[in-house]
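Reviewing the structure listed below.
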Amino acid sequence: MTTALEKKQYFVHSLLAWFRAYQRDLPWRRTKDPYRIWVSEIMLQQTRVDTVIPYYERFLERFPTVEALADAPEEEVLKLWEGLGYYSRARNLQSAVREVRDTYNGVVPDDRQHFSSLKGVGPYTTGAVLSIAYNRPEPAVDGNVMRVLSRYFLIEEDIMKGSTRAHMEHLIREMIPHDAAGDFNQALMELGALICTPKSPQCLVCPVMEQCTGRLEGKEEQLPIKKKAKAPRPEYRIAAMVGSVEGEKPFLIRQRSGQGLLANMWELPHMEYGKGMEELSEAGEQEALARHIQAETGLIVKPHGFLMNAEHTFSHIHWNMKVYAFEIVQQHPLPDHYRWIRKEEMQHFAFPNIFLRIIGARQS
DNA sequence: GACACGTGGCG
DNA sequence: TCGCCAAGTGT
């Protein structure tokens, strides 16, 4: 018979020993700089380690300190974030770093109250940075931790509910070693990433298999309990390649608003055009786009044929996009958020993935 | 609590 | 192929 206390002690010690033997050598594990830990945690939100690594290296080469990031132009930060997704993370991070510079004398706060008040810093990031950089005994409950704990302790609560997170945080506070808080939190996540994976967990090599109730009950594949996400809603859009379809000549781009989806990023001019692919004829679509462009820019353009279809799935929206080419009939001075650029100049503008693909596909 | 908010990898 | 999902936060 094992007591609840023994089950927790076994978990802590087995997990820590395993982590110290098998943890991956990751760039942000080679530093204790709170700023660098912080950057890594923001990039890692909803994003895979392998995706983050090159972004992390480039970002810290360009912005090695709180001051460097605080002083940078926002466009440059966004450009270095291009392709990583969830772009408000970049803006919030820079805003938070500016607050650290202005309010905390450039020193990342080492307590929950101050650090968690910064933009983009929620309960997970608070616990992760404070424990890893400052060894504070704070829980850092992410998806990995929820999965590991729900299996080990057989917690059959919906992990989308706030009360479940509170339950997990309480468990962590009971277990977290005050002399190894960062290692413990990272060990939990590392186990979730390497062994206690969402599908086909590697229970036979798991350091805590002996006491894992989910495994002992044969329920590990059913945990954690989580409601299914809704399917992205479809949207039908028509986009314009105005100007050149070849590499050397300029084409028309515009900047999105500072709020909402893909805030402040650049794109090809485009518009939504109804609920189905058969709303308008091809000629009707080109006419609608030409009017849209003239209304927004004053440019007079003439249809030059169909270019390509493109699809892109965001978390909550699925874009079906038809791209048409246009020639300029009459020039007009552009409003501020429009530009003529050549392909080489794209390095100065941050584009979301779907437009990188469309424009890139035009090149060869 | 529910929804907005990106992207790429994997079985 | 395609649904699921990966170190979440803001509103």
Side-chain angles (χ1 to χ4, degrees), chain A residues 19 23-24 26-29 37-56 78 81-93 95-96 115-133 139-148 158-166 168-169 182 184-194 196-201 221 224 226-233 235 256-265 267 311-319 350-357:
Chain A
F19 179 69
Q23 64 169 301
R24 289 169 290 179
L26 301 173
W28 43 90
R29 288 186 176 156
I37 307 288
W38 181 12
V39 169
S40 77
E41 292 300 341
I42 299 297
M43 287 188 171
L44 285 162
Q45 290 171 5
Q46 302 290 288
T47 311
R48 285 183 161 69
V49 164
D50 288 345
T51 302
V52 165
I53 289 174
Y55 283 90
Y56 174 86
L78 193 57
W81 211 273
E82 179 185 83
L84 202 50
Y86 287 136
Y87 299 100
S88 66
R89 291 183 294 176
R91 181 200 297 222
N92 287 339
L93 177 61
S95 165
F115 187 63
S116 68
S117 74
L118 298 169
K119 285 197 189 65
V121 178
Y124 163 75
T125 304
T126 300
V129 173
L130 292 185
S131 66
I132 297 169
V141 175
D142 71 341
N144 288 126
V145 174
M146 297 261 215
R147 186 172 58 256
V148 168
D158 187 339
I159 62 169
M160 296 288 95
K161 297 172 69 172
S163 58
T164 307
R165 160 183 289 276
M168 305 275 181
E169 289 179 344
F184 181 68
N185 280 338
Q186 291 187 84
L188 233 14
M189 295 187 274
E190 193 80 338
L191 189 73
L194 299 183
C196 195
T197 47
K199 292 171 208 169
S200 309
E221 293 272 19
K226 180 164 42 165
K227 280 187 306 206
K228 269 188 216 159
K230 273 190 287 193
R233 69 174 184 274
E235 282 187 5
R256 297 177 62 85
S257 94
Q259 305 242 9
L261 184 68
L262 306 170
N264 282 341
M265 300 193 80
E267 64 183 7
E311 289 187 47
H312 189 75
T313 307
F314 302 97
S315 315
H316 54 306
I317 309 172
H318 181 88
W319 276 1
F351 289 87
N353 218 286
I354 180 173
F355 294 106
L356 288 176
R357 284 205 308 274

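Quick caveat, the model's predicted, so the values are computed rather than measured. To find a chain, count down the sequence lines: A is the first, B the second, and so on, and within it residues start at 1.
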Work out how far the P atom of B/dC5 is from that of C/dC2, and round it to whole angstrom. 25 Å

Sugar-phosphate, base or nothing in reach of A/Trp28, heavy atoms under 4.0 Å: base

Assess the residue pair A/Arg357 and A/His312 against the criterion (side chain to side chain contact (heavy atoms under 4.5 Å, CB included)); give the C-alpha distance rounded to whole Å, side-chain angles, the decisive distance to 0.1 Å, and a yes or no. CA-CA 10 Å; A/Arg357 284 205 308 274; A/His312 189 75; 3.3 Å; yes

Tell me whether the OP1 or OP2 atom of B/dC3 has a side-chain N or O from A/Lys230 closer than 4.0 Å. yes

With A/Asn92 via side chain to side chain contact (heavy atoms under 4.5 Å, CB included) - residues at least two apart: A/Ser88, A/Lys119

Could you walk me through whether A/Trp28 and A/Val49 pass side chain to side chain contact (heavy atoms under 4.5 Å, CB included), step by step? CA-CA 11 Å; A/Trp28 43 90; A/Val49 164; 4.2 Å; yes

Just jot down the side chain to side chain donor-acceptor pair (under 3.5 Å) partners of A/Ser315, sequence neighbours excluded, or say none. A/Tyr86

A/Lys226 NZ - C/dG8 P separation (whole Å): 10 Å

May I ask you to say what A/Arg29 touches in the nucleic acid, namely base, sugar-phosphate or nothing, with a heavy-atom cut-off under 4.0 Å? base

Expressed in angstrom and rounded to an integer, what is the separation of A/Leu93 atom CG from C/dG8 atom C1'? 14 Å

Given B/dG1, is OP1 or OP2 found less than 4.0 Å from the side-chain N or O atoms of A/Lys227? no

Please name all residues satisfying side chain to side chain contact (heavy atoms under 4.5 Å, CB included) with A/His316, sequence neighbours left out, ordered by chain then number. A/Arg233, A/Leu261, A/Phe314

Check the distance between C/dG8's P and A/Leu44's CG and give it to me in whole angstrom. 8 Å

Residue set satisfying side chain to side chain contact (heavy atoms under 4.5 Å, CB included) with A/Arg91, at least two apart, ordered chain then number -> A/Glu74, A/Ala263, A/Asn264

Nearest-nucleotide comparison on DNA chain C, the residue closer to the 5′ end among A/Val49 and A/Lys119: A/Val49

Let's see if you can work this out: which of B/dA2, C/dT9, B/dC3 has an atom nearest to the side-chain heavy atoms of A/Pro123? C/dT9

With B for base contact, S for sugar-phosphate-only contact and - for none (protein heavy atoms under 4.0 Å), nucleotides 4-11 of chain B reads SBBBBB--

In whole angstrom, give me the gap between the P atoms of B/dG6 and C/dT11. 14 Å

Using a cut-off of 4.0 Å on non-hydrogen atoms, how would the nucleic acid contact of A/Arg147 be classed: base, sugar-phosphate, or nothing? sugar-phosphate

All side chain to side chain contact (heavy atoms under 4.5 Å, CB included) counterparts of A/Thr126, not counting sequence neighbours: A/Arg112, A/Phe115, A/Ser116, A/Val121, A/Leu130

